[in-house]
Visitor: 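Following this message is one structure expressed as structure tokens.
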There are 2 protein chains.
Amino acid sequence: MVEKLDNVDLTILKILQNDSKKTTKEIAATLNMTVSPVYERIKRLENDGYIKKYVALLDKKLLNYPVTVICMVSLRYHNEGFIDKFEEQIKELPEVQECFHMAGKVDFFLKINMKSLDDYHDFVRVKLSNISNIGILESYFVLKEIKQSTEFVI
Amino acid sequence: MVEKLDNVDLTILKILQNDSKKTTKEIAATLNMTVSPVYERIKRLENDGYIKKYVALLDKKLLNYPVTVICMVSLRYHNEGFIDKFEEQIKELPEVQECFHMAGKVDFFLKINMKSLDDYHDFVRVKLSNISNIGILESYFVLKEIKQSTEFVI
DNA sequence: TATTTTAAAAGTAAAATTTTCTTTAAAATT
DNA sequence: AATTTTAAAGAAAATTTTACTTTTAAAATA
């Protein structure tokens, strides 16, 4: 099912990860092809899981979420059960946009979007404090977004 | 131009930031409206900048970019010119997916996607070493993505 | 070499959606 | 109360998506 991708597939992915509103007609034009094969390739890329989902990226500032925080979390206990539990609890928090389990002395990186510092204060006080296994919590505040992209196929 | 959003607008944004392939017809159905007003609201949200872009999110593992690294960078010199220069240089690197200027003793967070650890080694050796103003560089490797989302309007 | 098989591309047409334009209704303003 | 403004609804045209059929070309087999 999951076959190797050729250059046409990669070009399609590069286009769609930059602008998913491009029509198959437009994509076909840049590839010097007709719409049918391009359409079927896109469907295949979707069905095989290369394309996970299509989303709209919104403007944080305009929508009044100007505060971004990076949290570095170290757990108190590192047994398998505790790590899974922590991950499940983090997944339930809609404020946490990204969470990575890390190698090294820090266990988890969290990226959190907030409407205000007060909201972040409440988030730490109410939601994170509910997660009992957090040992060390360090918060880093974003002064400026230099680059924020979802692309990676070069 | 940039007016306040009502609940209908926010619902549209919530839907689109989760699945931008939803048709205006479908969105209108969940809102108990006809397509025309929904269509025009979406156009307004696009034109006013609330919706920045539409993208396809791809599968890192399937596309052979299994290595994610978080870099924490501290600059050697902190004059305004040096910081701007650093930001410009980072923007030019397609491997850097995210970059934030931080408050605190660490100056920048970088998120980087790679095909292999060898590629990361080359990236640090060739590309980052070209940026003369880097003082301290700490690399943290992602063991597992617990959560990776682009949503934030709750 | 000729024939068969296979896969990708191209062509076609119907269905669905997007887009534009006009009409209607409600709310706000004078 | 009349007028203006705004949002929604309706309708129709343009475009795109989708499914299906045919063609083409390359690979495999005899």
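Sequence lines set the chain letters: A, B, ... in the order given, protein chains first and strands last, and positions in each chain run from 1.
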Visitor: Would you call the rings of A:Phe108 and A:His101 parallel, tilted or perpendicular, taking 30° and 60° as the class edges?
Guide: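 Parallel, since the angle between the ring planes stays under 30°.
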Visitor: May I have the distance from A:Met33 (atom CE) to D:dT24 (atom C1'), rounded to whole angstrom?
Guide: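 About 13 Å, once rounded to whole Å.
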Visitor: Starting from C1' on C:dT17, measure out to CD1 on B:Ile42 and report it in whole angstrom.
Guide: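 The answer, rounded to whole Å, is 12 Å.
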Visitor: Write down the atom of B:Arg76, the atom of B:Ile134, and the distance for their closest heavy-atom approach.
Guide: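 Minimum heavy-atom separation between B:Arg76 and B:Ile134: NH2-O, 3.3 Å.
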Visitor: Can you tell me if B:Thr34 touches the phosphate of D:dA8, counting only side-chain N or O atoms and a distance under 4.0 Å to OP1 or OP2?
Guide: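 Result: no.
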Visitor: Would you mind reading off the distance between B:Asp9 atom CG and D:dA7 atom C1', rounded to a whole angstrom?
Guide: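 Going from CG in B:Asp9 over to C1' in D:dA7 covers 11 Å.
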Visitor: Partner of C:dT30 by Watson-Crick or G-U wobble geometry, both contacts under 3.5 Å, or none?
Guide: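 In the structure as shown, C:dT30 has D:dA1 as its Watson-Crick or wobble partner.
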Visitor: Rounded to the nearest Å, what distance is computed from the NZ atom of residue B:Lys22 to the C1' atom of nucleotide D:dT17?
Guide: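 The distance from NZ of B:Lys22 to C1' of D:dT17 comes to 18 Å, rounded to the nearest Å.
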Visitor: Give the rounded distance in Å between these two atoms: CZ of A:Arg44 and P of C:dA7.
Guide: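 Checked: the CZ to P distance equals 12 Å.
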Visitor: Hey, which of these two, A:Lys21 or A:Ser36, hits DNA chain C nearer its 5' end, going by closest nucleotide?
Guide: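 On the 5' side of the pair lies A:Ser36.
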Visitor: Take the protein atom CG of A:Asp6 and the nucleotide atom C1' of C:dA7, then report the distance between them rounded to whole Å.
Guide: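 A:Asp6 atom CG is separated from C:dA7 atom C1' by 12 Å.
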Visitor: If you compare every side-chain N and O of A:Arg41 against the phosphate oxygens of C:dA9 (OP1, OP2), does one of them come in below 4.0 Å?
Guide: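 True: A:Arg41 side-chain N/O within range (under 4.0 Å) of C:dA9 OP1/OP2.
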Visitor: From CD1 of B:Ile27 over to P of C:dT17, roughly how many Å is that when rounded to an integer?
Guide: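 Rounded to whole Å, this separation is 12 Å.
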Visitor: Can you tell me if A:Thr24 touches the phosphate of D:dT17, counting only side-chain N or O atoms and a distance under 4.0 Å to OP1 or OP2?
Guide: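 For D:dT17, OP1 or OP2 has a side-chain N or O of A:Thr24 closer than 4.0 Å.
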Visitor: Does A:Tyr39 put a side-chain nitrogen or oxygen below 4.0 Å from OP1 or OP2 of D:dT17?
Guide: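 It does not, given that no N or O in the side chain of A:Tyr39 lies less than 4.0 Å from OP1 or OP2 of D:dT17.
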Visitor: Is the NZ or CZ atom of B:Lys60 positioned over B:Tyr65's six-membered ring, under 6.0 angstrom from the centre and within 45° of the axis?
Guide: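 Because its charged atom misses either the 6.0 Å distance or the 45° angle limit, B:Lys60 does not stack over B:Tyr65.
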Visitor: It should be established whether B:Lys25 places a side-chain nitrogen or oxygen under 4.0 Å from OP1 or OP2 of nucleotide C:dT18.
Guide: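 So the side-chain polar atoms of B:Lys25 never come under 4.0 Å of the phosphate oxygens OP1 or OP2 of C:dT18.
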Visitor: Using the ring of each side chain (for Trp, its six-membered ring), is A:Phe109 parallel, tilted or perpendicular to B:Phe109, with breaks at 30° and 60°?
Guide: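 Answer is perpendicular, since the angle exceeds 60°.
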Visitor: With a 4.5 Å limit on heavy-atom distance, are the side chains of A:Asn18 and B:Val55 in contact?
Guide: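 A side-chain contact is absent here, since even the closest heavy-atom pair is not under 4.5 Å.
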Visitor: Roughly, in whole Å, what's the span from CG in B:Asn32 to P in D:dA7?
Guide: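 Interatomic distance, CG of B:Asn32 to P of D:dA7: 20 Å.
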Visitor: If each of A:Thr23 and A:Glu40 is mapped to the nucleotide of DNA chain D with the nearest heavy atom, which maps nearer the 5' terminus, i.e. the 5' end?
Guide: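 Here A:Thr23 is the residue nearer the 5' end.
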